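Throughout, residue positions are numbered sequentially from 1 according to the sequence presented. Here the structure is a predicted model, which is why all the values come from computation and not from measurement. Start at 1 and go down the list; that is how both ligands and their atoms are numbered. These numbers come from the heavy atoms of this one structure, side chains and all, not from hydrogens, waters or symmetry mates.
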Amino acid sequence: MNASRLWPERLRLGVNIDHVATIRNARGGDHPDPVRAAEIVASVGGDGITAHLREDRRHIRDGDLSRIQTATGLPLNLEMAATDEMLEIALAHAPHAACIVPEKREERTTEGGLDAAGMHNRLAPIVTRLTDAGIRVSLFIEAEERQIEAAMKLGAPVVEFHTGEYANATGEERARELKRIADMAALAAKNGIEPHAGHGLTYDNVQPIAAIPQLAELNIGHYLIGEAVFVGLENAVRRMRELMDEAR
Ligand code: PXP
């Protein structure tokens, strides 16, 4: 999105294929191959592939990255912890985007956003080196004003709002979470930062998020891969796309 334009034309869908690799790794072989999932996502109009190379390599592995990058023309959004190891890997692979996420070894998934405000000194050189290499940096943060301010100070062009609390909430609490994300999307866009969102999004909860006009991209993984078991990945991605388009 052009930073001067506040409304992106189309909400992009990035599909996180980590959990295809989780299933593959359960048996230690090559099947199912996340690269095949990337090809399917490309064939049904997905806008990007997201993959998180975790420290423990529990799903995507180093060797998957270049195979994913060469399999389709889709941009790769590499989710990475703010570590020297991941920085070197990102620089070696030069993905379209790098989304910096918090990472705890013991967590089941990425629980909560990055404390961009508290980690300024750690993040600054990483953001600079990624940016200098032409990689679009995104920070996976909670939808909070101080985190957006921190992203501005760091010069990150993109923030991704963690929608986990929204996804887990019900009733009035969910409405409050939604408003928080909508308000912060507006604030980010007003300040020239492109807002994205993701985590825990499903067919049932995606539409209010997709209706937030400033959001440019949603990254969705676990639900789509789970749904693919029943209806196939093509159909799952198509259905999510339809719901997102209907919401705009
Ligand atoms: N965006 C980011 C930055 C993430 O870390 C994740 C989970 O890995 C997602 C989006 C996708 O979340 P989910 O798998 O719950 O759809």
- Task: Report the C-alpha distance between Leu139 and Val158 in whole Å, list the side-chain angles of each, state the deciding distance to 0.1 Å, and finish with yes or no for side-chain contact (heavy atoms from CB on, under 4.5 Å).
- Result: CA-CA 7 Å; Leu139 303 178; Val158 177; over 6 Å; no

For [atom], closest protein heavy-atom neighbour:
atom: atom 16 (O) of ligand 1; result: Gly221 N, 2.8 Å
atom: atom 11 (C) of ligand 1; result: Asn219 O, 3.7 Å
atom: atom 5 (O) of ligand 1; result: Glu79 OE1, 2.9 Å
atom: atom 1 (N) of ligand 1; result: Glu160 OE2, 2.5 Å
atom: atom 15 (O) of ligand 1; result: Gly200 N, 2.8 Å

Can you list the atoms of ligand 1 that are under 4.0 Å from a heavy atom of [X]?
X: His222; result: 13 (P), 14 (O), 16 (O)
X: Ile220; result: 16 (O)
X: Val101; result: 3 (C)

Do [X] and [Y] pair up side chain to side chain, a donor and an acceptor below 3.5 Å, judged on atom types alone?
X: Asn25; Y: Arg57; answer: no
X: Glu103; Y: His52; answer: yes
X: Glu79; Y: Asn77; answer: no

- Query: How long is the span from the CG atom in Leu215 to the OG1 atom in Thr163, to the nearest 0.5 Å?
  - Reply: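 If we round to the nearest 0.5 Å, Leu215:CG and Thr163:OG1 are 9.5 Å apart.
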
- Message: In the structure I gave you, are the side-chain heavy atoms of Leu187 and Glu145 within less than 4.5 Å of one another anywhere?
- Response: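 The answer is yes, as the side chains (C-beta and beyond) meet within the 4.5 Å cut-off.
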
- Check whether any side-chain heavy atom of Phe161 lies under 4.5 Å from a side-chain heavy atom of His196, and answer yes or no.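 Not touching, per the 4.5 Å side-chain cut-off.
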
- Query: Measuring from the heavy atoms of Phe140, does anything fall under 4.0 Å of ligand 1?
  - Reply: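 True for this residue.
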
- Message: Could you check whether His162 and Phe140 have their ring centres less than 6.0 Å apart?
- Response: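 Yes, the ring centres sit under 6.0 Å apart.
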
- Query: When you look for heavy atoms under 4.0 Å from ligand 1, do you find them on the side chain of Asn16, its backbone, both, or neither?
  - Reply: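 Side chain only.
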
- Message: Out of Glu217, His196, His199, who is nearest to atom 7 (C) of ligand 1 when you count heavy atoms only?
- Response: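 The option holding the nearest heavy atom is His199.
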
